[in-house]
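For reference, the structure is listed below as C-alpha cells.
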Protein chains: 2
Amino acid sequence: MSLAETLGPRRQRSRSETAEHALRRDIVLGTLAPGAALRELDLAQRFSCAQGTIREALMRLSEDGLVTRRARRDTHVAAANPDDAQELLCIRRDIECRAAIRVIESRDDSLLPDLETLMQSMRLAALQGDEYTLMEYDRGFHLRLFEAAATPVVEPVLFRCLLHTQRFKILNSEPESRNLQDTADRHLSILESVAARDADGLTRALSHHIATIVDFGPEVFAAGESSEP
Amino acid sequence: MSLAETLGPRRQRSRSETAEHALRRDIVLGTLAPGAALRELDLAQRFSCAQGTIREALMRLSEDGLVTRRARRDTHVAAANPDDAQELLCIRRDIECRAAIRVIESRDDSLLPDLETLMQSMRLAALQGDEYTLMEYDRGFHLRLFEAAATPVVEPVLFRCLLHTQRFKILNSEPESRNLQDTADRHLSILESVAARDADGLTRALSHHIATIVDFGPEVFAAGESSEP
DNA sequence: AATCACTGTATTATTGATAATGTCAAGATT
DNA sequence: AATCTTGACATTATCAATAATACAGTGATT
C-alpha cells in the first residue's frame, strides 16, 4: 500500500488519495500545526470533491495517528508529544532488528535491486533539496526491507512508527540543521549488509541507524528496556 | 475509542459502528474465516444501511488489520499467519512492559477502580460463558492500564496487538481447551502490582501474563531479541 | 499458439442532498 | 447562584443514485 506509492511509476491517484497525501505532507512537515482543526466541508471545497471523499482521506490519516477524529464533533491534527515519539522509536528499532534475520533468510530476488533504486531516489531527492520526497523514499526503503520479513499485519505498525519519528524530527529541529545528503547516505551500511547477507551486520546497522535519527539525549533506549540490563 | 466501548454504559451505536463491531466479532471468533470475501453492497443489505456506511466500517477494520482492502477491487478477511502473531506478541510485551514504569508513576486516580470494574466484568462474562465479551473486557483492561502511560499514538498499536493475539489464540486452539474463568483470573497479579504501586512487580506480572497467552513452544521470545543475549 | 482490442459484468469510488448529533449561549426555573 | 430548557448553528453521518475502474471472456489479428 504505502510501498507501491514510493516504488514504481506513480499511478494515477484517486481524489481521496490526492487529499490524503497532501494532508499527510502538510501534517508531517508541520505546515498544519498540531491541534489545527480540519473541517470536512472546507477540505472538500479546497480539493474540489465531495465531503465523503475527504472523509475517507481523513479516516486514513486517522489510521496513521496523524489526525484525531471525534464522531459527530470534529477533526484535529494530532498532538506530537515526545513520549509517543520515543516509544515509537523503540518499537521501530525492535521491529526492524527482529525482522533482520527473516529478511536475510528470505529469498526475495527483487529486494536488493529495489533497495538500490530507492537509495538512488533518496539521493536525487536530497540533491534537489526536496525533503518531503526524501522522507517518502526513506519510508519506502525501510518498508521494502521489512516486506521481506513477510509479516504483513506488522507492516502498518512500522509505517506509523516511521511517520511519527519523521514528524517529530521535523517539528523539533531547525531546517538548516538537517543535511539531506547525509540522511540519504546513512542508508548505505544497511544496503551493504543486505548485499552481504549478513544478519548480525544488518541488525547492528539498523540499530545504529535508528538510534541516531533523533537526539533524545544520552539515555535513549537506556530506560525501560524489555530484556535484562 | 476502543476503551469507551468497554468501560461505562454502552452508548448508542451508529450504524457503521454496529456493523464494525459485528464484523470484528465474526472475524476474531473465526465465524468469518481468513480469506472470506466481503462485498460492500451485500453487507449494506445485511445491516440495512447504505454502502458508504459499510465502507466506513470496513475501513476501520482495515485499520486493525482484520480485513485487507484492494482499491476498486475487493475486501477480504485478513490471513492469520503465525509469524505475524508471534511478532505482535513480542511487540505487545515490549510496549506493555516499557509502559509499566510510567503507569506506576502516573497519578491516575480512576485507574485502580476502573481496572477493578473491568476485572469484575471479565469474571461475569466468564461465568456466563460469553467468550467474546470476555475478550472485549480483556482488551479493555490492558488498554485502560496503558492509557495511564499517556502515549496516545501508541495505543492503537497495542490495540492491534491485543486483537491479533486473541484472534490467533481462537483460531489455533479448541474451545474446550480454553478456561474462561482462568483467563479472567490471570489478570489478578497485574491488578495487585498496580494497587501496590510496584513497577518491577507489574513488569514481571505483565511479561509472564503475555508470555503465557499462546503456546508457541519453548522458544517464545528466545530468538531475535532486541537487546544483548 | 500468442497477443491484442473490445465488451459486459462485478465492484468500489464519488457525488450532492438530507438527517442526525453535538455545541453554545440566552433565557427560564428552581 | 445554580441548574435546566430552548433554539440557532456548526459539524459529521447517512443515504440513494451515478461514475469510474478492474477483470474475465470473446473474437480478431498476427
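The sequence lines fix the lettering, A, B, ..., with proteins before strands; numbering per chain opens at 1. Side-chain atoms are counted along with the backbone in the values below, which use heavy atoms only and exclude waters and symmetry mates.
Taking B/Arg69 as the reference, B/Glu40 meet the salt bridge (Lys or Arg N to Asp or Glu O under 4.0 Å) condition, with sequence neighbours excluded.
Over its length, the helix from C/dA1-D/dT30 to C/dT30-D/dA1 turns its helix axis by 30°, as judged from the five terminal pairs at each end, rounded to 10°.
Straight-line distance from the CD atom of B/Glu17 to the P atom of C/dT21: 12 Å, rounded to whole Å. To the nearest angstrom, C1' of C/dA13 lies 14 Å from CD of B/Glu56. The CD atom of B/Gln45 sits 15 Å away from the C1' atom of D/dC15 (whole-angstrom rounding). The CE atom of A/Met59 sits 14 Å away from the C1' atom of D/dT14 (whole-angstrom rounding).
Counting only heavy atoms from C-beta outward, the side chains of B/Leu188 and B/Met119 approach each other to under 4.5 Å.
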Derivation and outcome, side-chain hydrogen bond (donor to acceptor under 3.5 Å, both in side chains), residues A/His187 and A/Asp138: CA-CA 9 Å; A/His187 293 83; A/Asp138 190 332; 3.0 Å; yes

Under 3.5 Å, which N/O atoms of the protein pair with N/O atoms of nucleotides 16-19 of chain D?
none

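Judged purely by atom type and a 3.5 angstrom limit, A/His164 has no side-chain atom pairing as donor or acceptor with the backbone of A/Gln86.
Residues B/Arg144 and B/Glu147 are paired through a salt bridge, judged by an N-O separation under 4.0 Å between the basic side chain and the carboxylate. A salt bridge between A/Glu105 and A/Arg197 is absent, with no side-chain N of the basic residue lying under 4.0 Å from a carboxylate O of the acidic one. Using a cutoff of 4.0 Å between basic side-chain nitrogens and carboxylate oxygens, A/Arg60 and A/Glu63 are not scored as salt-bridged.
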Which atom pairs, donor and acceptor, lie under 3.5 Å between side-chain atoms of residues 43-50 of chain A and protein residues at least two apart or in another chain?
| unit_1 | atom_1 | unit_2 | atom_2 | d |
| --- | --- | --- | --- | --- |
| A/Arg46 | NH2 | A/Asp26 | OD2 | 3.2 |

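Contact check of residues 37-44 of chain B against DNA chain C (heavy atom, cut-off under 4.0 Å) returns B/Leu38, B/Arg39, B/Glu40, B/Leu41. Near-neighbour residues of DNA chain D inside residues 71-78 of chain B, defined by a heavy atom below 4.0 Å, number-ordered: B/Arg72, B/Arg73.
Between B/Arg15 and the phosphate of D/dC15, there is a side-chain N or O to OP1/OP2 separation shorter than 4.0 Å.
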